[in-house]
Amino acid sequence: MLSAVHSHPHADTDSIIGVVRQNLGAVSHQAVYDVLRALTGAGLLRKIEPQGSVARYETRVGDNHHHVVCRSCGAIADVDCAIGHAPCMDASDDHGFVIDEAEVIYWGTCPECTTAAKSS
Ligand SMILES: [Zn+2]
Ligand SMILES: [Zn+2]
């Protein structure tokens with residue numbers, strides 16, 4: 001399961017199920033969901049859920065990198081954090097909270113969609 005996610009970073013659950021079935025044969029949706037949840041809980045997988053997108057998983061954990069998401073096709077790419085550790089932004093007012101993470105998602109248009117828009 002980890003290798004399936006590792007070779008398909010930012011894959012959604014359905015894609016992961018497809019890859020796992022290619023390798024292992026019949027595996028139930030529920031089994032894959034359960035393993036993904038367990039691996040995420042154990043810190044071996046990172047779950048990302050851009051607004052309007054299904055949950056996606058990746059094995060790149062612990063480096064506080066961010067994601068850029070294409071508004072048009074939903075493509076996701078990694079963006080290294082400028083600071084390198086969480087939280088990489090200071091809240092203007094922490095309201096007394098101990099803040100340990102700033103979730104950053106960059107939104108835009110991927111190169112393919114930009115090219116497609118120009119040529120149409
Ligand atoms: Zn796109
Ligand atoms: Zn990533």
Side-chain angles (χ1 to χ4, degrees):
M1 187 80 73
L2 271 179
S3 63
V5 180
H6 190 72
S7 53
H8 300 79
H10 312 129
D12 59 24
T13 310
D14 285 344
S15 316
I16 295 167
I17 290 171
V19 174
V20 170
R21 283 190 177 155
Q22 273 174 21
N23 297 332
L24 301 176
V27 178
S28 73
H29 274 245
Q30 192 57 48
V32 173
Y33 278 108
D34 288 347
V35 174
L36 288 174
R37 197 182 313 114
L39 291 172
T40 304
L44 295 171
L45 284 184
R46 179 169 162 188
K47 180 182 181 180
I48 48 174
E49 259 182 311
Q51 194 184 349
S53 168
V54 294
R56 293 156 184 275
Y57 296 88
E58 65 182 345
T59 51
R60 185 177 165 183
V61 296
D63 69 346
N64 195 50
H65 73 275
H66 306 302
H67 294 101
V68 57
V69 183
C70 176
R71 286 186 197 282
S72 176
C73 71
I76 299 181
D78 286 339
V79 179
D80 287 339
C81 179
I83 307 291
H85 58 83
C88 55
M89 262 183 270
D90 285 323
S92 58
D93 181 353
D94 63 15
H95 296 277
F97 286 55
V98 177
I99 295 174
D100 59 25
E101 182 181 353
E103 189 173 282
V104 180
I105 294 183
Y106 301 98
W107 293 90
T109 309
C110 74
E112 284 89 66
C113 290
T114 307
T115 308
K118 274 184 200 146
S119 60
S120 64

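For ligands, and for the atoms within them, numbers begin at 1 and follow the listed sequence. We number each residue from 1, following the sequence as shown.
Classified by interplanar angle (parallel below 30°, tilted 30° to 60°, perpendicular above 60°), the ring pair His66/Tyr106 is perpendicular. Taking the six-membered ring for Trp and thresholds of 30 and 60 degrees, His95 and Phe97 have ring planes more than 60 degrees apart, a perpendicular arrangement.
Val35 shares a hydrophobic cluster with Met1, Leu2, Val5, Ile16, Ile17, Val20, Leu24, Val27, Val32, Leu36, Leu39, Leu44, Leu45, Tyr57; the chain of contacts runs through ILVMFWY side chains whose heavy atoms sit under 4.5 Å apart.
Around the Zn ion (ligand 2), the two atoms OE2 of Glu58 and NE2 of His65 are separated by an angle of 80°, to 10 degrees. Remark: at the Zn ion (ligand 1), atom SG from Cys110 and atom SG from Cys113 enclose 100°, rounded to the nearest 10 degrees. Vertex the Zn ion (ligand 2); arms to His10 atom NE2 and Asp78 atom OD1; angle 80° (nearest 10°). Angle subtended at the Zn ion (ligand 1) by Cys70 SG and Cys73 SG: 110°, rounded to 10 degrees.
When all heavy atoms are compared, the tightest approach of Asp80 to Arg60 is OD1-NH2, 2.5 Å.
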